[in-house]
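Report on the following structure.
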Amino acid sequence: MHHIVLVEIGRVDEDVLYYLREKLENYLPVNVSFHHLDIRRIKSCYDRRRGQYFSPMVLDVLIRLAFSLRGVDRVIGLADVDAYSGTLNFVFGEALLNGPAAVVYLTRLNPEFYGEEFDEDLFLERVYKEVLHELGHTYGLTHCRNYCVMVFSNSILDTDYKPPRYCENCYEKLVARISKR
């Protein structure tokens, strides 16, 4: 069975971690464990001018971590920070395609970021969708045109619209790649 590690970068509510573990283990043939990474480990990734973290640098930290952990197939970082990548003003997450690591940023997934009242169910579902999306990339899935979690999210409305699951085609590809191990 594939082993996925959810990496808490800085402080992430443990309810989020346990929710994700339960959802992932019930949906995919994986075991999930946790690891903590001190927020200072990504301090150099912070762009003071923008007030955001540079996601490719954060992802590099997680890739190195993935290679240092024994018996781990994928590492998914969870950071309650805002981030950007390349020409994108912000990202909900980023992954190395066919690689060992991905990261999901929680700040813009929180309804309070948009001036709304905190809704735990909505927040958890958004985080889960983005974790599935980035995890899919690590197994080689690209953006999908079906009603699927692999649809690209250009805004929080896109994240809210897409389902918390892969379409049949993406799911079959993902499980085949997990099972190939």
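Fair warning: this is a prediction, and the values are worked out from it, not measured in the lab.
Rounding to the nearest 0.5 Å places CD1 of I42 at 11.0 Å from OH of Y46. In this structure, the separation between SG on C144 and CG on N169 is 7.0 Å, given to the nearest 0.5 Å. From L132, atom CG reaches atom OH of Y27 across 6.5 Å, with rounding to the nearest 0.5 Å.
In the hydrophobic clustering, F54 connects to M57, Y84, either directly or through intervening members, whenever side-chain heavy atoms lie under 4.5 Å apart.
In this view, H35 and V5, V7, L65, L69 satisfy the side chain to side chain contact (heavy atoms under 4.5 Å, CB included) rule, not counting sequence neighbours. For Y18, the side chain to side chain contact (heavy atoms under 4.5 Å, CB included) partners are E14, R21, F34, not counting sequence neighbours.
Ion pairing between a basic and an acidic side chain is recognised when a charged N comes within 4.0 Å of a carboxylate O; R126 and E130 show no such pairing. In this structure, R11 does not pair ionically with D80, as no charged nitrogen and carboxylate oxygen lie closer than 4.0 Å.
The two residues G71 and H3 come nearest to each other via the heavy atoms O-ND1, 3.1 Å.
Cluster membership check: V16 shares its hydrophobic cluster with L135, using side-chain heavy-atom separations under 4.5 Å among Ile, Leu, Val, Met, Phe, Trp and Tyr. The hydrophobic clustering, which links ILVMFWY residues whose side-chain heavy atoms are closer than 4.5 Å, places M150 and F92 together. Linking Ile, Leu, Val, Met, Phe, Trp and Tyr residues whenever their side-chain heavy atoms come within less than 4.5 Å places Y19 and F118 in a single cluster.
Counted by atom type alone, S153 and T159 present one or more donor-acceptor pairs between their side chains at under 3.5 Å.
Checked by atom type and distance alone, the side chain of E134 never pairs as donor or acceptor with a backbone atom of G77 at under 3.5 Å.
More than 12 heavy atoms of other residues, nucleotides or ligands lie within 6.0 Å of CD in E112, so this atom counts as buried by the packing criterion. Heavy atoms from other residues, nucleotides or ligands lying under 6.0 Å from CZ of F67 number 12 at most.
In this structure, I4 and D73 have side chains that are not in contact, with every pair of non-hydrogen atoms separated by 4.5 Å or more.
Y171 does not carry R165 over the face of its six-membered ring by the limits of under 6.0 Å from the centre and within 45° of the normal.
Taking the six-membered ring for Trp and thresholds of 30 and 60 degrees, H137 and H143 have ring planes more than 60 degrees apart, a perpendicular arrangement.
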